[in-house]
Amino acid sequence: MMDLSLHKQLFPLLSLLSILFLSGQRMQAEANNSLQNPQLSEPTKKLFVFGDSYADTGNIRKSLSNSWKDPYGITFPGKPAGRFSDGRVLTDYIAKYLGVKTPVPYRFRKQMAQQLKYGMNFAVGGTGVFDTSTPGPNMTTQIQLLEQLIHDGLYTASDLTNSIALVSVAGNDYSHYLATHASPQGLPYFVASVVNQTTRNLMRIKALGVKKIIVGSLQPLGCLPQVTAFSSFQQCNASSNTLVAFHNNLLNQAVTNLNQSWSSSFAVLNLYDSFMSVLNHPTTHNIQNQLRPCCVGVNSKYSCGSVDENNVKMYRVCDDPKSAFFWDLVHPTQAGWHAVYNKLRTMNALQGIQF
């Protein structure tokens, strides 16, 4: 027979264990219930991305781009993954700032279904606001892809109200225009049409219920290596950057007008000033080569990632991609994007994308 005094000592302990056991069962049940009913959980902020190679994280088809070939991706993720860089691109840094994982490329939505809760990336390298020479969906079609996913029930209205859209317009419309028009005289009218269509696209994204929409201003096209090559990578082209200034002024005016109707739902990501700040003060960002690309073809016939008919590489890579701002003739390195991201933060340019 148990000693009565011992029984009195054990009773409070047994009662406490019983309470803890029941409490644990209830917590497990609540956890299981929230898994079965996601609406009971804290909603995950989502990032939806539209645009071109500055934002593409793997949508472009492998047959169309060297971004799926070595040496792209050597810094991150360590192999070619479709990003137009040696590593991370603008999308990755915006996702980092928002505290979410980089959204899955639309092309891989079925293989990476567990990551759909972070949003989706529809951007495709080489595409534009309008059709370009790249056979990929323009921005209007990219938005239609999201509309279809909403129609199919993959994303709900509550998902959209807890989401941010990133829109990247990096100049493919203009390079396509110049390549297909003998005279640049009509360029100012074309710039206006690009900005007008971009504005319509922003309104369309907002109409889906997206909480906040951020659109990148045009970067200094006159500083891209494909342009500065004519000066042996020594100086930017002022005429090209004048075109950029015209585009960006129209875009800023359009976004200001949109915000009068939608109470600050839109923001312009000032890529022009952040690029120029890094390029004008490279050593501040540990950049040694600000205009010379890190990866180039051995001659004008080849480009970064090219191989000949015998699969012999026909490109050269700089010794230290971390010291270069540009990766190839058009795109920044991961170090370049990181410097731009840090500059955007010090400019407080990213505060407008939070909600």
Side-chain angles (χ1 to χ4, degrees), residues 49-62 64-77 79-94 102 105 121 123-128 132-134 136 166-176 216-229 233 236-237 240 244 269 271-272 274-276 278-279 282 285 287 289-297 302-306 315-318 320-341 343-344:
V49 183
F50 308 90
D52 46 41
S53 58
Y54 273 30
D56 188 355
T57 55
N59 277 317
I60 193 166
R61 297 204 304 269
K62 295 183 178 181
L64 295 177
S65 174
N66 281 359
S67 63
W68 284 104
K69 300 176 182 178
D70 291 326
Y72 285 82
I74 58 172
T75 300
F76 173 85
K79 62 181 181 180
R83 285 174 172 83
F84 290 77
S85 179
D86 65 309
R88 295 171 176 85
V89 296
L90 177 62
T91 297
D92 299 299
Y93 286 105
I94 295 300
T102 297
N121 187 345
V124 180
T127 64
T132 64
S133 56
T134 298
L166 169 65
V167 177
S168 171
V169 182
N172 291 323
D173 293 285
Y174 300 127
S175 57
H176 179 69
S217 67
L218 206 57
Q219 79 280 20
L221 297 178
C223 299
L224 299 183
Q226 68 177 8
V227 177
T228 62
F233 309 111
C236 300
N237 182 282
S240 297
V244 172
L269 191 64
L271 293 180
Y272 185 90
S274 53
F275 266 62
M276 288 305 299
V278 176
L279 294 175
H285 304 274
I287 300 293
N289 300 306
Q290 68 266 46
L291 295 180
R292 186 176 296 275
C294 177
C295 183
V296 294
Y302 300 100
S303 59
C304 180
S306 294
Y315 59 87
R316 296 187 298 266
V317 180
C318 65
D320 184 17
K322 294 180 181 178
S323 68
F325 183 84
F326 285 107
W327 170 244
D328 56 22
L329 292 179
V330 176
H331 308 96
T333 57
Q334 173 173 297
W337 276 123
H338 186 257
V340 168
Y341 170 67
K343 187 59 188 178
L344 287 168

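This structure is a prediction, so every number in the text was calculated from the model and none was measured.
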Qualifying residues under side-chain hydrogen bond (donor to acceptor under 3.5 Å, both in side chains), relative to [X], sequence neighbours excluded:
X    : result
K69  : N66
S217 : none
N121 : T57
H176 : none

Distance check, rounded to the nearest 0.5 Å: [X] atom [atom1] versus [Y] atom [atom2]?
X    : Y    : atom1 : atom2 : result
D173 : T127 : CG    : OG1   : 8.5 Å
L64  : T134 : CG    : OG1   : 7.5 Å
I60  : W68  : CD1   : CH2   : 10.0 Å
C223 : Q290 : SG    : CD    : 9.5 Å
L329 : S303 : CG    : OG    : 7.5 Å
L269 : L166 : CG    : CG    : 7.5 Å

Does the pair C236 and V227 meet the rule for a side chain to side chain contact (heavy atoms under 4.5 Å, CB included), with working shown?
CA-CA 7 Å; C236 300; V227 177; over 6 Å; no
For the residue pair [X] and [Y], what are the closest heavy atoms and their distance?
X    : Y    : result
N59  : A123 : ND2-O, 2.9 Å
S274 : V340 : OG-CG1, 3.5 Å
L221 : S240 : C-CB, 4.4 Å
K322 : A335 : O-CB, 3.4 Å
F233 : P293 : CE2-CD, 3.5 Å
I287 : A324 : CD1-O, 3.9 Å

Step by step, work out the side chain to side chain contact (heavy atoms under 4.5 Å, CB included) result for D70 and Y315.
CA-CA 10 Å; D70 291 326; Y315 59 87; 3.9 Å; yes
Indicate yes or no for a side-chain donor-acceptor contact from [X] to the backbone of [Y] under 3.5 Å, with no hydrogens or angles considered.
X    : Y    : value
S85  : G73  : no
D86  : Q334 : yes
Q219 : L271 : no

My understanding is that only residues two or more places apart in sequence, or in another chain, count here; which of them pass ring-ring contact (aromatic ring centres under 6.0 Å, His included) with [X]?
X    : result
F50  : F122
Y93  : H338, Y341
F275 : F325, W337

Using the test side chain to side chain contact (heavy atoms under 4.5 Å, CB included), find all partners of [X] that sit at least two apart in sequence or belong to another chain.
X    : result
S53  : F84, H331
A339 : V278, H285
N172 : D52, T132, S175
A81  : P77, R83

For the residue pair F76 and V89, establish whether any side-chain heavy-atom pair is separated by less than 4.5 Å.
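The answer is no, as the side chains (C-beta and beyond) never meet within the 4.5 Å cut-off.
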Side chains of S168 and V49 in contact at under 4.5 Å (non-hydrogen atoms)
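No. Closest side-chain heavy atoms not under 4.5 Å.
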Taking less than 2.5 Å as the test, are the sulfur gamma atoms of C318 and C295 close enough?
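With an SG-SG separation of 2.5 Å or more, C318 and C295 do not form a disulfide.
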